[in-house]
Amino acid sequence: MNLPTPLSRRAFLDFSATGLTAAALACLLGRESRAAAGTALPAAHHAPKAKRAIHIFLVGGLSQVDSFDYKPELEALHGKALPDSSKVSTFSGAVGLLRRSDWSFRQRGQSGLWVSDLFPHLATVADELTVVRSMVADTSNHMPAMFQANSGFQSNGYPSLGSWLSYGLGNESDALPTFVVLPDARSQPNGGASNWSSGFLPATHQGVLFQSATEPIRDLFPAQPTAADAEREGLGLLARINQSHLAGHPGDGLLTARVRAYELAARMQTSIPEATDFADEPAFITRSYGLDRPETADCGRRCLLARRLLERGTRFVQIYSGGAFGGKPRHGWDGHEDNRENHQREAPMIDQPIAALIKDLKQRGMLEDTLLIFTTEFGRTPFAQSAAGVIGAGRDHNPQGFSVWLAGAGLKGGTAFGETDDFGLRSVQDAVTWPDLHATVLHLLGLDHERLTYYHNGIQRRLTNVHGHLVKGILA
Amino acid sequence: MTTRFDPVILPATPAGPARRLGCVSLAWFGPLLCGMLLSGIEAAADEAIFREDFDGFRDGRQNAAQVDSGLRLSFGGSLPGWRRTGQGAVHVVDRSGAGDLAAMIWEDNILTREDGLAANERGRNYLVEYDLGPTVYATPPQASAATDGLVIEVLRADGSVLAAHQDRPGAWAGRQEFHRSGFDYRGDGSGPVRLQIRTLTRAGRFGGAVDNLIVAAHSPAAEHFNAQVAPVLARNCLECHHGSGAKGKLDLSTRDGAGRGGKSGPVLVPGDVAGSELYAQIEADEMPPKHPLPAADRRIIRDWIKAGATWGQRTLDPFVYSTGKRAGYDWWALQPLRAVPPPDPEISSAAANEIDRFLVAKLQASGLRPSPRAEPRVLVRRLFIDLTGLPPSPEEVEAFSRDPSPQAWARLVDRLLASTHYGERWARHWLDVVRFGESDGYEYNGPREAAWPYRDWVIRALNADLPYDEFVRLQLAGDALRPGTFDGAAATGFLVAGVQNKVAGAAKGMKETQRQDELEDLAGMIGQSLLGLTINCARCHDHKFDPIGTEDYYRFTALLAGVRDGTRKMPGDDGTTVAVYTVMAEKPVPTHVLLRGDVASPGVEVAPGGLRAVVGVKADFGLGSEAGDAARRTKLAAWVTDPGNGLFLRVIVNRIWHHHFGRGLVETPGDFGFNGDRPSHPELLDWLAGWFRDHGQSLKQLHRLILTSAAYQQTSAPTDDGTRLDAANRLLWRQNPRRVEAEVLRDSILLVAGQLNPTPFGPGYRDVKIVEVSPAFYYLPTDPAGPEFNRRTVYRWCPRGQRSALLDTFDCPDPSVQTPRRSVTTTPSQALSQWNNAFVLRMAESMAARIAAEQPAAKGSDPDPLPAQVERAWRLVLGRAPGGAERSESDALVRRHGLALLCRVLFNSNEFIVIE
């Protein structure tokens, strides 16, 4: 058997020392299903640009014309009717008059990339951003759009990007989960765990939700306090019972893997609290992430945690900005009623922390082989969500053209790819679909989206289904 | 068969005077049959056995009211040689204005030939051809519509249908246009046949006009094409060169298309191999691309062209033959069951039954032997977990181990099959397959408070050993078959068990797309659960791997077009009413093929029907677009469960096998198609399916048969030979060791801790907190303690997108997706959960208290209760006493930290969760 490369020599020696069989190793790394599917893959299909990634997901729909897609024409057209509204895809169906951005746009950094005043901190790292201004989604309905952004499919039950990465690359760390999800403190996004589901991939590849600092993952410690020596002696007896049982079943991969799993579990009990404890972070770092201010503390804490997890071997961290739809005020970017008020409330919570994360990764030399992905499930309409002939305050969902950005991973920063029309409504040049973006993300992480497959119910499934083209225009 | 071919378009003028073109001698039918000679390819048929031009109509009256079409219509009279049944009169239309009449098939009248035709030689192919045109009523309500159609049947002497063909002439478009249509059939040697014509949609409709009907036998040259050439073309060419989207515009699926050639001109010159581009490309290894044609196939094509390139069957269906890339109608799983006698190898085991004869024969052929019978303690544990999902008590282990009777095993099997726990255990397997969940999923994910009656119905049905076909019929159409009953409504919960997006925007098209998504999900679930077919893959294009076309897909979804979900009040047992989440049938809207699955691109309308892929069961249900929901689903249920549907039987037999051996004879229980696994023991699979069918489709009898085989009872220990020759154990030289499922783990812990609350049925216990952020719902895991929560896990209320730490780490799936086969993963999180989870700790305490309360008798005069308590703990959890070191170390641990810690250790032991 070819040993998967991410396990590294260190890990291999470590495993060999305990006499772990290849089968048991496979069990532990969640690879047994792949072997069973007859599609044993090397860990990476080609040399990766990035070894790890952070996905920041703005729930609800960030307005592209108010953030990264500068449309001077919209200024002039403010208050005019959209010329042809026959094929507009909205949610409410209400098509009001065109509405200019509520924020001024400026060219930033060396590159002159346009970023609006909605994100003054991100503007300071504009030279690191590769903006895609021509994203398109297939639906203007939140949940199917979020599922599509996460899994490529609009329905429940398909593996998310992070799960595919976990399946494709395995874990780099023995002691930390491969795929961690950090939800907004206000609420979880709708769909909950379906967003980071492993779908039909083995459950071990699902995102692990980190909740609070005291016990970030469930069952990390006994539900009731127990004496340390009781723990130690209990586990000791368990190991001996399992060892003698194993002696009667030599070479059994499942039994061996379970023995090893208890050893790794003990390591996690140390490594997870260590990763989530910021005591060793200097004050200037925690301050840069905004941990000292209530407005930015939640996102700042999660951005910092993401960096610490990546440093320790986690592959993929997903950070949500925004939670459940509905409610008043809304938890997220869904500016139906008053987009200006909504975005002005949401943006300051994440702006400084994300900018700090980029700077921090960069100063540590990690940005080179870390991919940052900043997306939303769809954009917002450049016209108001109001009766015809009215410039209302809200903006509706717009899947036909919106902006996302990537950073790190050797990408050329300070650039923008693709274009929308003069209104910022529809992608008119180099439209990028979710499968395209997913294919590109996998590519940057060393995986070929057409070869990363898993058999389920009649089909060798892919993250990109039967679609997906690399967005070559953004690959350096 | 429905029409899949491009009809031959005739000149607008009616048939002219007889022209002899030399290929056949069919008088005035000549141009029809030989028309293709003009395009180069000969259609060869022997002289017509039967011909009818309908010009002999007599005694009719002219219909003055319908002159707006400009055509002369008559009705009321009779057609010599044809018997008319039904109330409606015979109608004819004068095609030419000069007495060239065509018969119009009206409402309920059925035209049947009185004489039998000698057109049924066994194995011989026959051609039926006719001119088909729309009926000429131009005004409502009779004005012809695209859905109108007729059925031409070839009947045996006893009235049964040898062949049938549905045809739709298309709507009246202001002028009369006939085209040549027809079909082929194969004789079965059962004697003379009669023709019959009737409408497809009876009430108040015309089916179409028919003229110049002939029946002819295929000539020897045509038969040669059918037998030799057609398979080569179908397997190697039609993947690309088929239908309207054919590559290079070359359609090799019809005689017309083959004759016409492609973008760059004709490809076939009859008699001239060198001049035929088709052969030139084959010869140059250019076609088929990357897969040069084998020499034998080349020869077939070459000889065929040389001999004149005579065509046979009107249309080659690319789905007919399996190829290296896809399955056809000849795919193994789609065939009717074969009657296979068990082989007769030498078998030493006394316990062996027919199953073992199949298995041992194959093992011996590979130089392997089955393993010996496992020891009683292992066997009893294996059986208890398999049938009830709970471990045996120490007393039960003891009793079985000491029973010397050869009948002891069968008795135990019967006793466990009769236990209520049997239904609870096996319902869980079924609920996995139908992805039963108790919330809507998607954005709102609203709770379903009344979904449990379906879960209960499944448990009860399994415990009552409802025959499997009835079990399925009721799930597909219980509300129609048992109207007004609680059971009928509960069973139909099957159809609404999946996700439902309750958020649909106001924007155009979104609701329709969402509806199509629902139907895809439903068709996919039904196909995979009952037939092992991924029907849903044919929504946007023909199935890439199995013989299911988009038209099949939409015909199938039309069967479900009336299915909507909702909650109904049904009469309960005790006179009260109970809310049941089930089907709220509505009037089906017409179903159209959607091009590329796009709701904005509707294609032809289709009638509800089954899949043509399932050989041996008629896919045509005779339903029109006016058929109601109940009729559609009742027919669907009858089709799925037809005893001639071998696939249906194979799939369930394999599922049962899968759970008894940890792996199916087909390893992909939800996919018997091209991408699925091939059976390890095809003969055994067919024999088992036949046995099951012949034993009343009793699942319990099937369990008994499998469980009493020697194969089931053998040890799971590896052997050197086995590991060397068949490491994957596909030949079953040993039983497969298996890790228990999440539910079995939790239920077993509850049982041995003395805390299992056996209360069956009713609303589930809830270990979640429901948080409503209007209008959406969240389900946060909680850890409630108390007897009402200590019920079997199958009674856990299971909303979607909510994960339970302990169950989750043991691969309990989220019910958003079908799980025909669970994954088995081993992770550090699993270890953490099993070791630290509050439930596990609480149960360890309960078990310690239970043992203390039982005061197990100390050995001899030892006043210390501790050793007896330790032994009791081991026996309860693992069904055995601890060995020497195990005993002393357990004693020491308990002395220092208490009995609960030992219980916790044992709950975590491999022996507890891996079944030998």
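To find a chain, count down the sequence lines: A is the first, B the second, and so on, and within it residues start at 1. Just so it is clear, the structure is predicted and the values come from calculations on it, not from any experiment.
When all heavy atoms of A:P183 and A:F210 are compared, the pair lying nearest together is CD-O, 3.7 Å. Between B:M525 and B:Q818, the shortest heavy-atom distance links the atoms CA-OE1, 3.5 Å.
Of the listed residues (B:Y444, B:Y442, B:F674, B:F672), the greatest number of heavy-atom pairs within a distance under 4.5 Å of chain A belongs to B:Y442. Chosen from A:Q206, A:H142, A:H397, A:M268, the residue pairing most often with chain B at heavy-atom distances under 4.5 Å is A:Q206. Highest contact tally toward chain B, considering only A:D219, A:N242, A:L235, is held by A:D219 [criterion: heavy-atom pairs under 4.5 Å]. Between chain A and the residues B:V503, B:N501, B:L806, the largest count of heavy-atom pairs under 4.5 Å involves B:V503. Looking only at heavy-atom pairs under 4.5 Å with chain B, the residue among A:Q269, A:Q224, A:H249, A:E233 that has the most is A:E233. Top candidate by heavy-atom pairs under 4.5 Å with chain A, chosen from B:T534, B:T809, B:T513, B:V905, is B:V905. Note: B:L893 leads B:L893, B:L902, B:D517 in heavy-atom pairs under 4.5 Å with chain A. Chosen from A:G157, A:A265, A:S155, the residue pairing most often with chain B at heavy-atom distances under 4.5 Å is A:A265. Highest contact tally toward chain B, considering only A:G192, A:A193, A:A230, is held by A:A230 [criterion: heavy-atom pairs under 4.5 Å]. For the set B:L780, B:N445, B:I913, B:N536, the entry with the most heavy-atom pairs within less than 4.5 Å of chain A is B:I913. Your options are B:D671, B:V499, B:L533, B:V840, and the one with the most heavy-atom pairs under 4.5 Å with chain A is B:D671. When each of A:T226, A:L246, A:L238 is checked for heavy-atom pairs under 4.5 Å with chain B, A:L238 comes out on top.
By the salt bridge (charged side-chain N to carboxylate O under 4.0 Å, His left out) test, B:K544 pairs with no residue at all, sequence neighbours left out.
Residue A:D229 places its CG atom among more than 12 non-hydrogen atoms of other residues, nucleotides or ligands, all under 6.0 Å distant.
If you measure heavy-atom distances from A:P189 to chain B, the contacts under 4.5 Å come from the backbone alone. Only the side chain of A:F147 comes within less than 4.5 Å of a heavy atom of chain B; its backbone N, CA, C and O stay farther away. When heavy atoms are compared at a cutoff of 4.5 Å, B:Q528 approaches chain A solely by way of its side chain, counted from C-beta outward. Contacts of B:S890 with chain A are made by both backbone and side-chain atoms, with heavy-atom separations under 4.5 Å. Contacts of A:S244 with chain B are made by side-chain atoms alone, with heavy-atom separations under 4.5 Å and no backbone atom involved. Looking at B:D546, neither its backbone nor its side chain comes within 4.5 Å of chain A, counting heavy atoms on both sides. Using a 4.5 Å cut-off between heavy atoms, B:R822 does not touch chain A at all. For B:S909, the parts sitting under 4.5 Å from any heavy atom of chain A are the backbone and the side chain alike. Within the 4.5 angstrom heavy-atom criterion, only side-chain atoms of B:C537, from C-beta onward, approach chain A.
Distance check: A:T139 OG1 to A:N141 CG gives 5.0 Å after rounding to the nearest 0.5 Å. Of the inter-residue distances, the one linking A:I241 atom CD1 with B:W874 atom CH2 reads 3.5 Å to the nearest 0.5 angstrom. Rounded to the nearest 0.5 Å, atoms CD (B:Q834) and CZ (B:F839) are 11.5 Å apart. Rounding to the nearest 0.5 Å gives a distance of 6.0 Å between CZ of B:R880 and CG of B:L878. In this structure, CG on A:L255 lies 5.0 Å from CG on B:N910, to the nearest 0.5 angstrom. From B:F810, atom CZ reaches atom CD of B:E741 across 11.5 Å, with rounding to the nearest 0.5 Å.
B:R904 forms a cation-pi arrangement with B:W835, by the criterion of a distance under 6.0 Å to the ring centre and an angle within 45° of the ring axis.
The aromatic rings of A:H336 and A:F91 lie tilted to each other, with the angle between the two planes from 30° to 60°.
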